[in-house]
A.B. asks: 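Pasting in a structure now, in structure tokens, and then I'll have a few things to ask.
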Protein chains: 2
Amino acid sequence: MENSTSIATENFIKAVFKHEQTEGADTKSGTIARELGITHAAATDMARKLASKNLVDYQKYKELKLTDSGRELAVHVLRRHRLWETFLNRVLGLDMHQVHTEAEVLEHATSDFLLDQIDAYLGYPKFDPHGDPIPDKNGMVDDSLAQITVSNAEVNIAYQVCRLSGSDEEFFDFCSSNQLVLGSTIIIRKHYPKNKMTEVEIGDVKLLLNSDFADAILVEAKLN
Amino acid sequence: MENSTSIATENFIKAVFKHEQTEGADTKSGTIARELGITHAAATDMARKLASKNLVDYQKYKELKLTDSGRELAVHVLRRHRLWETFLNRVLGLDMHQVHTEAEVLEHATSDFLLDQIDAYLGYPKFDPHGDPIPDKNGMVDDSLAQITVSNAEVNIAYQVCRLSGSDEEFFDFCSSNQLVLGSTIIIRKHYPKNKMTEVEIGDVKLLLNSDFADAILVEAKLN
DNA sequence: ATGCATATTTAAGCTTACTTAAATCATAAA
DNA sequence: TTTATGATTTAAGTAAGCTTAAATATGCAT
Ligand SMILES: [Mn+2]
Ligand SMILES: [Mn+2]
Ligand SMILES: [Mn+2]
Ligand SMILES: [Mn+2]
């Protein structure tokens, strides 16, 4: 029996997992296709194949759901991705965007042995440079934190930026140009629901964020 | 025009290059097939495809020869391989065999950008942990050294071990169990040509090497 | 409840990288 | 020079991952 998972499979399963996590709805083949830059036909095809390998539950026209082994695989890939990001950032000093791009390919080229070495070298880190939690060896993810997106945060309360969760270069460009780094204090000033914009303050800069950006910035209540 | 080279292509071209270098003869599809663990038919097929991409010169029943761009590609892959080996050894402390196994897959998952970062981090090393020369960014390899294999070395002269050139786990096991490391002083005591064995002395141990091992250990005359 | 726009699946076909089995070539021994 | 043995190539087929184009189902607006 073939037990090795291909790069295409790993990326597909990871995309399903991430969509399940962040949106929680509409995890259909079309959504995944768009995310991976392949056609709907190819995504449907893949869904059927992965169902036959017991990685997803797939019924025509229904949402994709990961099986237990599918979820296990996704978390394992995510662990490789985030450990590489942490390693490349801490050791080679790569920035948030570079780190993501490189990890996207290294995550498919890393043995369990090498992963353990990296993990130990870093001292078993719990978060990657974006603030994303790193699953441990058993697939456990630290999800205990009370994090909300800027778009859902209350106005006029001081929050702390705890996660910059994007994959796109412009987003990270924008963040580093505007003092938006992990740990920054941020105050949400006003929501503009009709226009899907949020006005925020960081230090002495005021920013008007569109919903994509406001969804990608996670914050938690300040402790002090 | 597709310019990206697949993993299979990179491994094939690298195998041809290495065979050209070490044996210098008999670089036929069958030899490469054996090296890569694929069938003769698959190797022939690949040879034809790579010829159409101008990476090898291929004529039926003749030896495979790399074209200039084929050689360029091979050297580039070798550079990635050896920089990863050096990095994994120096930073994570992996041993010679582990380093090789991991580099065999990382070499296909490394951007030019990341490679430059690794190179700079290591201080532009000239040799990998096996003593193999690392090609520079322009594909130049430091081949100036007067290295010979133990099987070709003169008897009763003190040499220095400068290269342990194998890919197989048992070989490295044997080396590290017998004080055979880069820099060790070694004296060749006797050649047994009929039996293809060589008797050597390292410190106070005498070893009888078969030709595979005696070919994989390179030495140079001691300077002092 | 019906119809239509949109999403999804099916069908047919392509490329890469393999396989096994059969045919053919090369060359060394007789 | 002939022959046979082994190496090499050809032929046919498979699986993964894609594509485009056509068919079909879904679900929302009327
Ligand atoms: Mn990936
Ligand atoms: Mn991350
Ligand atoms: Mn390789
Ligand atoms: Mn090496």
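Quantities reported herein were computed from a predicted structural model and do not represent experimental measurements. All values below were derived from every heavy atom in this structure, side-chain atoms included, with hydrogens, water molecules and symmetry-related copies excluded. The sequence lines fix the lettering, A, B, ..., with proteins before strands; numbering per chain opens at 1.
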A.B. asks: Mind checking salt bridge (Lys or Arg N to Asp or Glu O under 4.0 Å) for B:Lys65 and listing every partner two or more places apart, or none if nothing turns up?
C.D. replies: B:Glu63
A.B. asks: Name all residues meeting the salt bridge (Lys or Arg N to Asp or Glu O under 4.0 Å) criterion together with B:Arg90; count only those two or more places apart in sequence or in a different chain, and write none if there are none.
C.D. replies: none
A.B. asks: So, is A:Tyr58 close to the C:dT9 phosphate, meaning a side-chain N or O under 4.0 Å from OP1 or OP2?
C.D. replies: yes
A.B. asks: Check whether any side-chain N or O of B:Lys60 sits under 4.0 Å from OP1 or OP2 of C:dA26, and answer yes or no.
C.D. replies: no
A.B. asks: What one-letter contact string describes nucleotides 11-24 of chain C from 5' to 3', where B marks a base within less than 4.0 Å of any protein heavy atom, S marks contact via sugar-phosphate atoms alone, and - marks no contact?
C.D. replies: B----SBBBB----
A.B. asks: With A:Asp45, which residues qualify under salt bridge (Lys or Arg N to Asp or Glu O under 4.0 Å), at least two apart?
C.D. replies: A:Arg48, A:Lys49
A.B. asks: Between B:Asn89 and B:Thr86, do the side chains contain an N or O donor and an N or O acceptor separated by less than 3.5 Å?
C.D. replies: no
A.B. asks: With a cut-off of less than 4.0 Å, is there a side-chain N or O of A:Lys28 near OP1 or OP2 of C:dT8?
C.D. replies: yes
A.B. asks: For DNA chain D, what residues of residues 10-26 of chain B have any heavy atom nearer than 4.0 Å?
C.D. replies: none
A.B. asks: With a cut-off of less than 4.0 Å, is there a side-chain N or O of B:Ser29 near OP1 or OP2 of D:dA7?
C.D. replies: no
A.B. asks: What nucleic acid atoms does B:Thr44 come within less than 4.0 Å of, heavy atoms only: base, sugar-phosphate, or nothing?
C.D. replies: base
A.B. asks: Would B:Leu164 and B:Phe171 count as a side chain to side chain contact (heavy atoms under 4.5 Å, CB included) here? Give the steps.
C.D. replies: CA-CA 9 Å; B:Leu164 296 170; B:Phe171 173 70; 4.1 Å; yes
A.B. asks: Could you tell me which residues satisfy ring pair (Phe, Tyr, Trp, His ring centres under 6.0 Å) with B:Phe172, sequence neighbours excluded, listed by chain and number?
C.D. replies: B:His130
A.B. asks: Please enumerate all residues that pass side-chain contact (heavy atoms from CB on, under 4.5 Å) together with A:Thr67, with sequence neighbours excluded.
C.D. replies: A:Asn54, A:Asp57, A:Ser69
A.B. asks: The criterion is side-chain contact (heavy atoms from CB on, under 4.5 Å); which residues satisfy it with A:Ala153, sequence neighbours excluded?
C.D. replies: A:Ile148, A:Tyr159, A:Ile188, A:Val219
A.B. asks: So, using side-chain contact (heavy atoms from CB on, under 4.5 Å) as the criterion, who are the partners of B:Thr9 when residues are at least two apart?
C.D. replies: B:Thr5, B:Ser6, B:Ile13, B:Met46, B:Leu50, B:Leu55, B:Leu73
A.B. asks: Just grab all the side chain to side chain donor-acceptor pair (under 3.5 Å) pairs involving residues 105-122 of chain B, residues at least two apart or on different chains.
C.D. replies: A:Glu102-B:Ser111, B:Glu10-B:His108, B:Asn11-B:His108, B:Lys14-B:Glu107, B:His76-B:Asp112, B:Arg79-B:Asp119, B:His81-B:Glu107, B:Trp84-B:Thr110, B:Asp116-B:Lys137
A.B. asks: Looking at B:Arg48, does any N or O in its side chain come under 4.0 Å of the phosphate oxygens OP1/OP2 on D:dT10?
C.D. replies: yes
A.B. asks: With sequence neighbours left out, which residue pairs that include part of residues 19-30 of chain A fulfil the side chain to side chain donor-acceptor pair (under 3.5 Å) condition?
C.D. replies: none
A.B. asks: Give me, pair by pair, the N or O atoms of the protein and of nucleotides 4-6 of chain D that are less than 3.5 Å apart, along with how far apart they are.
C.D. replies:
none

